[in-house]
Amino acid sequence: MDVDPSSERNDSDEPTLRIAAICAAYGNDRHRMLDILRDVQEGFRWVSPRSLETVAACTGLSRVQVEGVASFYSFLSLTPKGRITIRLCDDIVDRFAGLAAVAAAFEAELGIRMGETSADGSFSLDYTPCIGMCDQAPAAMINDVVVTRLTPERAASIGSALRAGRLPLEIAVPGHAGLSPAERAAAMVENNIRHAGPVLLGPVPSDAGLRQALELTPTAIIDAIEASGLRGCGGAGFSTGRKWRAAASEPAERRFVFCNADEGEPGTFKDRVLLTERADLMIEGMTIAARAVGAREGLIYLRGEYAYLRDHLEAVLESRRAGGRLGRRIHGIEGFDFDVRLQLGAGAYVCGEEGALISSCEGLPGEPKTRPPYPVNRGYLGFPTLVNNVETFCHAARILGRGADWFRAMGTDRSHGTKLFSVSGDCLNPGVYELAYGLTLAELLTLVGGEDAAAVQVGGPSGTMVDRANFHRRLSFDDLATGGAIIVFSARRNILEIVDYYMSFFVHESCGYCTPCRVGNVFLHKAIGKFRAGLANPEDIDYLRDLSQTIIETSRCGLGMTSPNPILTTLQNFPLVYSALVKSSPDRVRASFDVQSAIEGARRIARRRSTIFDEDYT
Amino acid sequence: MSGTGFSFTIDGVAVAAEPGQTIMEAADAAGLYIPRLCDHEGLRHQGGCRVCTVKAGGRSVSACTQPAAPDLVVENETPHLNKLRRDLVEMLFHEGNHLCPICEASGNCELQAMAYRLDMTAPTRFPYLQPSRTLDASHPDIALDTNRCISCGRCIRASQDVDRKGVFGYVGRGIHRRVAVNADDLASTDASIEDAAIAAGTCPVGCIIRKRHGFATPIGERIFDKGPIGHDIEDKRRE
Amino acid sequence: MAEPRLIEISPVTRVEGHGKVTIHLDAQNRVEEARLHIVEFRGFERFIRGRLLWEVPVIVQRLCGICPVSHHLAAAKAMDMICGVDVLPPTAEKMRRLMHYGQVMQSHGCTSSTSPRRTCCSASARRPSSATSSR
Amino acid sequence: MNETRKPRVATVSLAGCFGCHMAILDIDERLVGLMQAVEFDRSPLTDLKTFTRRCDIGIIEGGCCNEENVHVLQDFRRNCDVLIALGQCAIMGGLPAMRNAIMQSDAPLRECLEEAYITGAYIRNTTHQIPNDPALPLLLDRVYPCSEVVEIDYQIPGCAPGGDIIFETLSSILAGRFHGFSRDSFKFD
């Protein structure tokens, strides 16, 4: 099916026609640019200059605008990739779980180095940030298929099977033909539900809240949500009721309900489990929200790394339409139409930010929008858009089903209900735990078998690195807030290696729109490199704090406002890690200037030692 | 003030504003200069450089995009904000290759003038990223040295909205994000020296260069030899 | 019988990219060899490649702080050849002479430092500005 | 600066073009007053090659492009109370730092050396080798501004800075009342 990507012929040649067909399938709509380019990437393994021109012509954009989108998302490539593209998750949890050996095994088996594509265009090997499989690391994606719990041996066998021509899906889920999409998804990736709670992961009736909601007026629905005390579960913790009320009150003839299933925060995989096991409940919640805010159109923004869940989610949408709970005349109510489209992302953490998610859905690079206006006032295509997290919609449905008081009674006075925690790292039982807000970190660590933890990253890289002395703090919005990520580190882990990785993550994922985040994070990352190389001066600690403050205060979106957190929270909770590494220089000569490495190149060219800095020079 | 107008304060000075006006638009009209690099007369507000960060109602926001509001208390000329702005300007200096002594934009360059206004003279703590992107001198009249680009997007917006040509566009993500042209090189686009995107003053630095005009203005007669950046706005108040 | 010795004369004036001379004496104090070393190698020849043509005269001024005009004029002449200008307009001729005299004056007249200076390394302006090779 | 003795000033030109030292001479007649107020110790102007005593002010021109520059700069830091980075080369590497970022080159230092000694069009180098003599200090991988090698106290921007700004800055530092430059008094070019 593949055409040799490097062959570029004239306008009416076969690839150009096929690309035009792809554009036509999406109505030549420039807002569907991401879908178009995903299909071009899948069909031709790259977005060639020729493709850029063809897509631009079909959608009425300039070539550089299309190139802007194609060059933004890491799953789209402007250079030819292999027919089989293997992406190894290089998150810190995978590194600690043996990523290096697995990578070496793949390299040996496929005969190419990481980051390379084989000459015959058959394989590409690459790293990618967290793909949401931290509870079964090390993990990897083979095209859209996920393989987990990798060992060097398994990597070698996968490599040889692929070389023998076996399809990735066959390798990941042998005998997949007989399985339904839901069963295939559950077979490919373990759910690891370790503790089911009363709201989400326990038994949930099929009509979980929509029927009850339809007996209320839209305002009454919003009142119930507000009365329940439900707050956004994506990490920001904004009052869901107030958000729905704002979206409902904004006059407009079209309104949208978006489900944020980007789940890009490293260490977070609870939405993966909800999408696998509670997709119905989530869509029920979206439908209730549509009723409340008066929206007829909905969208689920599914991260590109979870493409393996696409068929399952499409099937659930289809079954709801068939059951009269989605599409036209829902539950037979005239005038209440609401349908949902699936929009796949393509590898961009920043698209978890509401504005960037909307930009991505509009076929633009995933850059956050200027605020104000806020999405609930002017969002997708300029219309009011309600964006909530997967878990938030699930809670909303249950609240309408069981009543606001039932939900409010759980948790604490300002963090009501239960929360899904995705626990990974150095603990016995990594997985998803549904627990009421307010429990202490120590209690959670006991539950997960991580009592000997020395540090816990609460809320992923943009959260807080908590030390043992603070394990008494409570998991709630007004103490240790988290979108769900709990990453446990034992005493043998190197704190600065973790901070170094998280800063490289933010450098890789910054959209580049604003100066402090684009440039400032690169400087922070380089400074951490100096600390790790033992080349830091005492005032470099103040430099880290000072630069972090500038980035936080002037950044344009949440990414830049939280990217210095790995440094600031470890500086606060692990000060010795930094102070032990700095070299003071009493004579004000910078200990951070490493003359030996600076003259290394010249030493090799001249093939002699330094007469000044090599003591043993005779 | 017309019926719907309102007022707010910048550094204690009352400023009149109309609904929908941003803090910077109102300040400019009132002759109060707020430093900025990516905002430009007649172009959409981008809010990318963040040099125009002000405190509005206690929150740090970009003045070029933040709408003014009745009785809003805005801080602009404060040591803390100027320190933030100086850091941002220094970041831009260190992101590219800004070698003023050999640059023909020197004296007319807004980045340089902003560094003068914010007194960027202390020893630096930032590393240099030293990009080495190839120059594009293919066009008969225009040369592009994107090593001096500060990613302000003024050329992109001018070419998009004013010239309706879309010659320039952002490509790449994060620190690799740069301004690219709508073809393999500039000569293959329909760019011309009459474009607003190419006009002097659109590109604030020495990235978009008019061939055969380099070093023509003697030192002393260049734009910022006559006064610090922003003096044209501040002069409005002195009249 | 003296040991073979090495005399070092540093820094050498009148040349930019600072220099030093080493004189190698054999056991009989006879000069075996003398070398001129240019210690601050810059690499102008390489890093001006890829720059815009009209920037080069401004760049090469920084080859030497004592005779920037000489290098500027050398680059200007090189540009004349590249652009095919064989007859210089009279005004340009006069301006170049004026600039050069200005430099000579500045180098000789008003500096009251210890030793009068001859315009240095202008002699080398015609030759490529790379360092003399030391054997 | 205690008034009992004349402040001692040392200067050096590292990876610079000596233009900033010439700019010091651009102080013109005010140089006479300055010469009476200070004593020049180690400096190209006095041709003293080592510090005779600890100095109050060290004026550095040029960044570091070879190991000797680093050694001399560290020596200055250890022997001077106050270090002034004079000119763009000392502040940010200046022109010599252009070799740090050469287009399409992953070994800028080697390419510069080869162009200058081997592959250049006008080269008459019979040895066909890059000079390599123990007396030649090893070149650094890139040109470093002074503030990356030692702590710098003051910086006077310019290429070269004007005589006025050097004189005014030096005098106010000597009098202990330097509080930064006035906005229109300094330039980067």
Side-chain angles (χ1 to χ4, degrees), chain B residues 79 82 86 89-90 93-109 111-137 145-148 205-206 215 217-220 222 224-231 234, chain D residues 16-17 19-20 60 63 82-108 111 141-162 165 169 178-189:
Chain B
N82 281 331
R86 192 167 45 248
V89 168
E90 197 164 6
F93 260 93
H94 284 242
E95 184 185 19
N97 292 341
H98 294 284
L99 200 45
C100 299
I102 62 158
C103 180
E104 56 193 82
S106 186
N108 302 313
C109 169
L111 180 70
Q112 182 190 58
M114 197 61 77
Y116 292 160
R117 182 179 177 114
L118 297 170
D119 186 26
M120 191 185 91
T121 53
T124 184
R125 301 161 304 169
F126 293 153
Y128 288 91
L129 301 189
Q130 287 162 343
S132 52
R133 300 185 196 105
T134 314
L135 266 67
D136 178 349
D145 180 353
T146 50
N147 298 305
R148 296 174 183 157
V205 290
F215 306 106
T217 334
I219 291 178
R222 302 169 302 181
F224 300 113
D225 293 334
K226 303 182 184 104
I229 190 168
H231 72 278
E234 284 167 331
Chain D
C17 70
C20 288
I60 313 290
V82 165
L83 278 191
I84 301 173
L86 181 64
Q88 292 307 105
C89 290
I91 291 170
M92 43 85 69
L95 260 292
M98 281 182 77
R99 77 163 160 98
N100 294 352
I102 291 182
M103 284 149 221
Q104 283 94 26
S105 149
D106 44 19
E111 285 197 26
D141 56 350
R142 59 185 182 83
V143 174
Y144 294 85
C146 293
S147 54
E148 269 191 57
V149 179
V150 296
E151 284 174 33
I152 293 291
D153 303 293
Y154 301 102
Q155 294 188 152
I156 304 177
C159 181
I165 189 171
T169 311
F178 176 72
H179 304 304
F181 304 103
S182 67
R183 201 184 281 177
D184 46 13
S185 69
F186 67 93
K187 288 273 183 284
F188 289 162
D189 58 355

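Letters go in sequence order (proteins before strands), and every chain restarts at 1.
- Using a 4.5 Å cut-off between heavy atoms, B/H94 does not touch chain D at all.
- When all heavy atoms of B/Y128 and D/I91 are compared, the pair lying nearest together is OH-O, 4.1 Å.
- The side-chain heavy atoms of D/M98 and B/I102, taken from C-beta on, include a pair separated by under 4.5 Å.
- To the nearest 0.5 Å, the span separating NE2 on B/H231 from CG on D/D184 amounts to 12.0 Å.
- In terms of modelled atom types and a separation under 3.5 Å, the side chain of B/Y116 and the main chain of D/F188 share a donor-acceptor contact.
- Both the backbone and the side chain of B/P123 have a heavy atom closer than 4.5 Å to some heavy atom of chain D.
- Only the backbone of B/P131 comes within less than 4.5 Å of a heavy atom of chain D; no side-chain atom from C-beta onward does.
- Side-chain contact check for B/T121 versus D/F186: some heavy-atom pair is nearer than 4.5 Å.
- Proximity to chain B involves both the backbone and the side chain of D/M92, based on heavy atoms less than 4.5 angstrom apart.
- Contact detail for D/L95 and B/P101: the closest heavy-atom pair is CD2-CB, 4.3 Å.
- In terms of non-hydrogen atom pairs under 4.5 Å with chain B, the most contact-rich of D/E151, D/Q88, D/R183 is D/R183.
- Using a 4.5 Å heavy-atom cutoff, the side chains of D/S147 and B/T124 are in contact.
- For a residue to count as touching a neighbouring chain, one of its non-hydrogen atoms must lie under 4.5 Å from one of that chain's; by this rule B/N97 touches chain D with the side chain only.
- Only the side chain of D/P145 comes within less than 4.5 Å of a heavy atom of chain B; its backbone N, CA, C and O stay farther away.
- Atom NZ of D/K187 is separated from atom SG of B/C100 by 11.0 Å, given to the nearest 0.5 angstrom.
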